[in-house]
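Every heavy atom of this structure was used, including side-chain atoms; hydrogens, water molecules and symmetry mates were not. One is the number of the first residue; the rest follow in order along the sequence. As the structure is a prediction and not an experimental result, all values here were calculated from the model.
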Amino acid sequence: MDAFNGILKFILHQKTVIGYSFMALLTLGSERLFSLVAFKCPCSTENVLYGLVFLFAPAWVLLILGFFLNNRSWRLFTGCCVNPRKIFPRGHGGRFFYVLGQITLSSLVAPMMWLSVALLNGTFYECAMSGTKSARLLGLICKDKPKECWEELHKVSCGKTSMTATDSEELKLSLQAQSQILGWCLICSASFFSLLTTCYARCRSKVSYLQLNFWKTYAQKEKEQLENAFLDYASKLSERNLKSFFENKRPEVFPMPTFAAWEAASELHSFHQSQQHYSTLHRVVEEGPELSPEEDETTMVLVGSAHSV
């Protein structure tokens, strides 16, 4: 039992790694499914458009889904048309773009995985590049190849060229190699950029390593308990209202947060060294539902689970 608890604790501490690993496997499976079932290179002048659509359209859809599924997106934009000060507070006008950049970076994970897997497979890139009409690209691809390469490159993916089987296979392998090189370059660049941004965020941190870990733990626990509290209070309120309706009597008093409290607790969190509040809800509970002070604040960049709270 102790060994099982140790394994379970390790898994819970590695939720981010497990989540990214699952996302990578899902991306790999989806790409293979697209390649085998949905993708059929037309082997015509439409190769470029067809290949690029299959390469970039799913990445774009994943990026949009990333914005949809990120709680910070809706914290940032909810009510901004009614009150623009929510996203452009006095003295912190640039904070909107800072937070939007964080949301964009986290939403780019899935699209980058798709592009990396698709390029490593090489199918979409091969189809797109085989339909190019650029004399410069044709010169690079068809160098030291028969003259038919210039006219029939778009048929290479289908194996219907008048070139020998050896030349056709060499062209396909060359295009796939180019795709895989681009895929590895993308993976290396994304990994380095991720390391760079994480190091920058940690270097700019105004709290210690242990306090930052405590902050992330608190944020995760608050999120879990807040969701449970929503379910509990929503159930109790609906039960009270239904009971009052069917029994035709005045409802009992049911304490609820004020509108100002809801508004204050929905703001994005900022950290001030003199006020160690680990979330917006923490600040509202300690200080009340008044709006945040307009003096300079240090916006913290939290890594991992605290981002979504």
Side-chain angles (χ1 to χ4, degrees), residues 9-10 12-17 19 70-80 83-107 194-233 255-309:
K9 185 176 181 180
F10 174 78
L12 291 176
H13 285 168
Q14 301 297 323
K15 285 188 293 185
T16 302
V17 176
N70 194 317
N71 290 333
R72 300 189 80 204
S73 301
W74 306 118
R75 275 182 177 260
L76 185 64
F77 289 107
T78 299
C80 65
N83 183 13
R85 285 297 180 188
K86 287 184 176 182
I87 58 175
F88 294 109
R90 291 186 180 91
H92 302 282
R95 187 182 176 212
F96 166 77
F97 300 102
Y98 179 76
V99 175
L100 183 62
Q102 290 182 329
I103 296 172
T104 303
L105 286 176
S106 62
S107 301
S194 177
L195 176 63
L196 199 63
T197 53
T198 303
C199 289
Y200 177 78
R202 291 302 180 98
C203 290
R204 296 282 297 176
S205 176
K206 299 298 183 181
V207 298
S208 65
Y209 174 78
L210 289 179
Q211 189 176 8
L212 188 60
N213 283 343
F214 172 81
W215 193 341
K216 291 194 294 181
T217 303
Y218 170 84
Q220 181 62 30
K221 292 297 182 182
E222 183 190 87
K223 178 183 177 182
E224 294 172 358
Q225 294 179 16
L226 186 62
E227 291 173 352
N228 293 333
F230 280 170
L231 291 174
D232 184 39
Y233 274 80
M256 288 285 287
T258 64
F259 180 79
W262 282 111
E263 285 286 299
S266 298
E267 294 178 358
L268 285 168
H269 181 235
S270 295
F271 181 76
H272 196 281
Q273 284 183 300
S274 63
Q275 303 166 338
Q276 295 190 34
H277 299 147
Y278 294 107
S279 70
T280 305
L281 184 62
H282 187 190
R283 178 185 60 78
V284 172
V285 170
E286 293 284 352
E287 298 185 351
E290 292 81 8
L291 295 178
S292 302
E294 293 182 2
E295 68 267 19
D296 291 337
E297 295 176 336
T298 304
T299 302
M300 294 299 302
V301 182
L302 293 183
V303 182
S305 61
H307 263 153
S308 59
V309 178

Undergrad: Once side chain to side chain donor-acceptor pair (under 3.5 Å) is applied, do any residues pair with Tyr218, and if so which ones, sequence neighbours excluded?
TA: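 In terms of side chain to side chain donor-acceptor pair (under 3.5 Å), with neighbours along the sequence ignored, Tyr218 is linked to Glu222.
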
Undergrad: Under the rule for side chain to side chain donor-acceptor pair (under 3.5 Å), what residues qualify as partners of Gln211, not counting sequence neighbours?
TA: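 For Gln211 the side chain to side chain donor-acceptor pair (under 3.5 Å) partners, ignoring immediate neighbours, are Gln276, Tyr278.
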
Undergrad: Mind checking what makes side chain to side chain contact (heavy atoms under 4.5 Å, CB included) contact with Tyr200, not counting sequence neighbours?
TA: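 Only Arg204 meet the side chain to side chain contact (heavy atoms under 4.5 Å, CB included) criterion with Tyr200.
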
Undergrad: About how many Å separate CD of Glu227 and CG of Asp232, when rounded to the nearest 0.5 Å?
TA: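 Atom-to-atom, Asp232:CG and Glu227:CD are 13.5 Å apart.
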
Undergrad: When rounded to the nearest 0.5 angstrom, what is the spacing between NZ in Lys221 and OG in Ser279?
TA: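 One gets 15.0 Å once the value is rounded to the nearest 0.5 Å.
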
Undergrad: Kindly write out the residues that satisfy side chain to side chain contact (heavy atoms under 4.5 Å, CB included) with Glu286, not counting sequence neighbours, or none if the list is empty.
TA: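 Side chain to side chain contact (heavy atoms under 4.5 Å, CB included) check on Glu286 returns His277, His282.
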
Undergrad: Which residues pass the side chain to side chain contact (heavy atoms under 4.5 Å, CB included) test with Thr78, not counting sequence neighbours?
TA: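 By the side chain to side chain contact (heavy atoms under 4.5 Å, CB included) rule, Thr78 matches Trp74.
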
Undergrad: Quick check: do Asn228 and Tyr233 have side-chain heavy atoms less than 4.5 Å from each other?
TA: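 Heavy-atom side-chain distance check fails, nothing below 4.5 Å.
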
Undergrad: Check Leu281 against Ala265 and note the closest heavy-atom contact, atom names and distance.
TA: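 That closest heavy-atom pairing would be CD1-CB, 4.4 Å.
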
Undergrad: Of the options Thr104, Ile103, Leu76, which is the one that meets Asn70 in a side chain to side chain contact (heavy atoms under 4.5 Å, CB included)?
TA: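 Exactly one candidate clears the test, Ile103.
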
Undergrad: Quick one: are Asn71 and Lys223 in side-chain contact, heavy atoms under 4.5 Å?
TA: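 The answer is yes; the side chains approach within 4.5 Å.
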
Undergrad: Excluding sequence neighbours, so at least two apart, what forms side chain to side chain contact (heavy atoms under 4.5 Å, CB included) with Phe259?
TA: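 For Phe259, the residues satisfying side chain to side chain contact (heavy atoms under 4.5 Å, CB included) (neighbours in sequence not counted) are Glu263.
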
Undergrad: Mind checking the OG-CH2 spacing from Ser208 to Trp215? Nearest 0.5 Å is all I need.
TA: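 Between atom OG of Ser208 and atom CH2 of Trp215 there are 11.5 Å.
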
Undergrad: Looking at CZ of Arg75 and OG1 of Thr280, how far apart are the two atoms once the value is rounded to the nearest 0.5 Å?
TA: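 Taking CZ in Arg75 and OG1 in Thr280, the distance rounds to 5.5 Å.
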
